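In what follows, a single structure is set out as C-alpha cells and then discussed.
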Amino acid sequence: YNTHHGGWATIPSTTDRQLDTIAAHDPHVVVLQEAYAYQLKYYVDGLNSRLGTDTWHGTSARTCQEGSEPVCTRYSSESVMILTRLTTLDVNPRLIWARDEYHVARATIHMTVALEDGTAINVFVCHLPAKAAAAAARLAYVNMFQAWAEQFTGPKLVGGDFNDTPGTAPVVAMTTQYSTAGTALRVLVARRDGCA
C-alpha cells in the first residue's frame, strides 16, 4: 500500500482512512511504501485499536537521499514498513543502490513471520525508483533485490510499489522469479486511493 507520503500529501490527511481500509480487510501482513519512519507507532496503534488487539507490530527502514554505496550520509524520513500480527522471527533491512531523482538508495525489508501452525514465511517490501527516466534504475533494483532475496530459504511473499507497468523489464524480471500464488496469509492489495 503506497501511503502517498504517510497520507499527509492530501488534505485532509488520509492516514486514518488508510488504517480503516487496512483494518476492514483484517490482513495478517501489510507492506507500506512512502510512510514516514516516525509514523510506525501510529500505524501499529491504529491497527491494534481498530482490530481490538495488541498483537500488531512492525518495522520500518528509511530511504537514503545522499551518500555512496555502502554509506548513506543523509537519510530521508520516508520509509518502507512491514506490519504484522504474526510472530516475527527475523528482520533484515537493506538499502538498494539504484538512484532516481529522489533517492540514491531505496530501502527494502525482509521479515520472517511464523504462521499459526509454525510455518515460516519470508515477507519483503519493495519500493522501486520512480519516473520514466529511472527505468534502468528499476531493473538494477530488481536484479540486486533478487540476488539478495535468494539467500532466504522457504516461501516468499514480495509486495510493494514497483513504479512500473506489466510487461516492462523490471516487472517481467520479478515475475520470472515470483509468481502469484495463494498462501495461508491474508494480504491487503491496494492502490494509493485505497481501493482493494
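Quantities reported herein were computed from a predicted structural model and do not represent experimental measurements.
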So the salt bridge (Lys or Arg N to Asp or Glu O under 4.0 Å) pairs with at least one residue in residues 62-80 (sequence neighbours excluded) are Glu66-Arg74
Listed partners of Thr88 passing side chain to side chain donor-acceptor pair (under 3.5 Å), at least two apart = His57
Compare every heavy atom of Pro170 with every heavy atom of Leu128, then report the nearest pair and how far apart it is.
-> CD2-CB, 4.3 Å
In Å and rounded to the nearest 0.5 Å, what is the NE2 to CG distance from His110 to Asp90?
-> 6.0 Å
Side chain to side chain contact (heavy atoms under 4.5 Å, CB included) involving Thr14 - partner list, sequence neighbours excluded = Thr10, Arg17, Gln18
Might you work through the side chain to side chain donor-acceptor pair (under 3.5 Å) test for Asn2 and Gln33, ending with a clear yes or no?
-> CA-CA 5 Å; Asn2 186 311; Gln33 306 83 46; 4.8 Å; no
Here the gap from Thr21 atom OG1 to Tyr1 atom OH, rounded to the nearest 0.5 Å, amounts to 4.5 Å
Mind checking side chain to side chain donor-acceptor pair (under 3.5 Å) for Asp16 and listing every partner two or more places apart, or none if nothing turns up?
-> Tyr42, Arg50
Those residues that, when tested against Thr108, pass side chain to side chain donor-acceptor pair (under 3.5 Å) (two or more places apart) | none
From OH (Tyr141) to CD1 (Ile96), nearest 0.5 Å | 4.0 Å
Under the 4.5 Å side-chain heavy-atom rule for ILVMFWY, direct or indirect, which residues accompany Tyr36?
-> Trp8, Tyr38
Looking only at non-hydrogen atoms, find the nearest pair between Leu89 and Ala120 and report the distance.
-> CD1-CB, 4.1 Å
Nearest-0.5 Å distance that lies between atom CG in Leu139 and atom CE in Met144 | 9.5 Å
Determine all donor-acceptor pairs shorter than 3.5 Å in which one atom belongs to a side chain in residues 150-160; sequence neighbours excluded.
{"residue": "Gln151", "atom": "NE2", "partner": "Trp148", "partner atom": "O", "Å": "3.2"}
{"residue": "Lys156", "atom": "NZ", "partner": "Phe152", "partner atom": "O", "Å": "2.5"}

Which salt bridge (Lys or Arg N to Asp or Glu O under 4.0 Å) pairs, counting each pair once, include a residue from residues 162-177, with sequence neighbours left out?
-> Arg138-Asp164
Those residues at least two apart in sequence (or on a different chain) that pass disulfide (SG to SG under 2.5 Å) with Cys126 are none
Apart from Trp97 itself, which Ile, Leu, Val, Met, Phe, Trp or Tyr residues share its cluster (side-chain heavy atoms under 4.5 Å, direct or through members)?
-> Tyr75, Leu95, Val104
Any pair counted as salt bridge (Lys or Arg N to Asp or Glu O under 4.0 Å), so long as it reaches residues 94-112, sequence neighbours left out = Asp100-Arg106, Glu101-Lys131
Residues in side chain to side chain donor-acceptor pair (under 3.5 Å) contact with Ser49, at least two apart in sequence or another chain | none
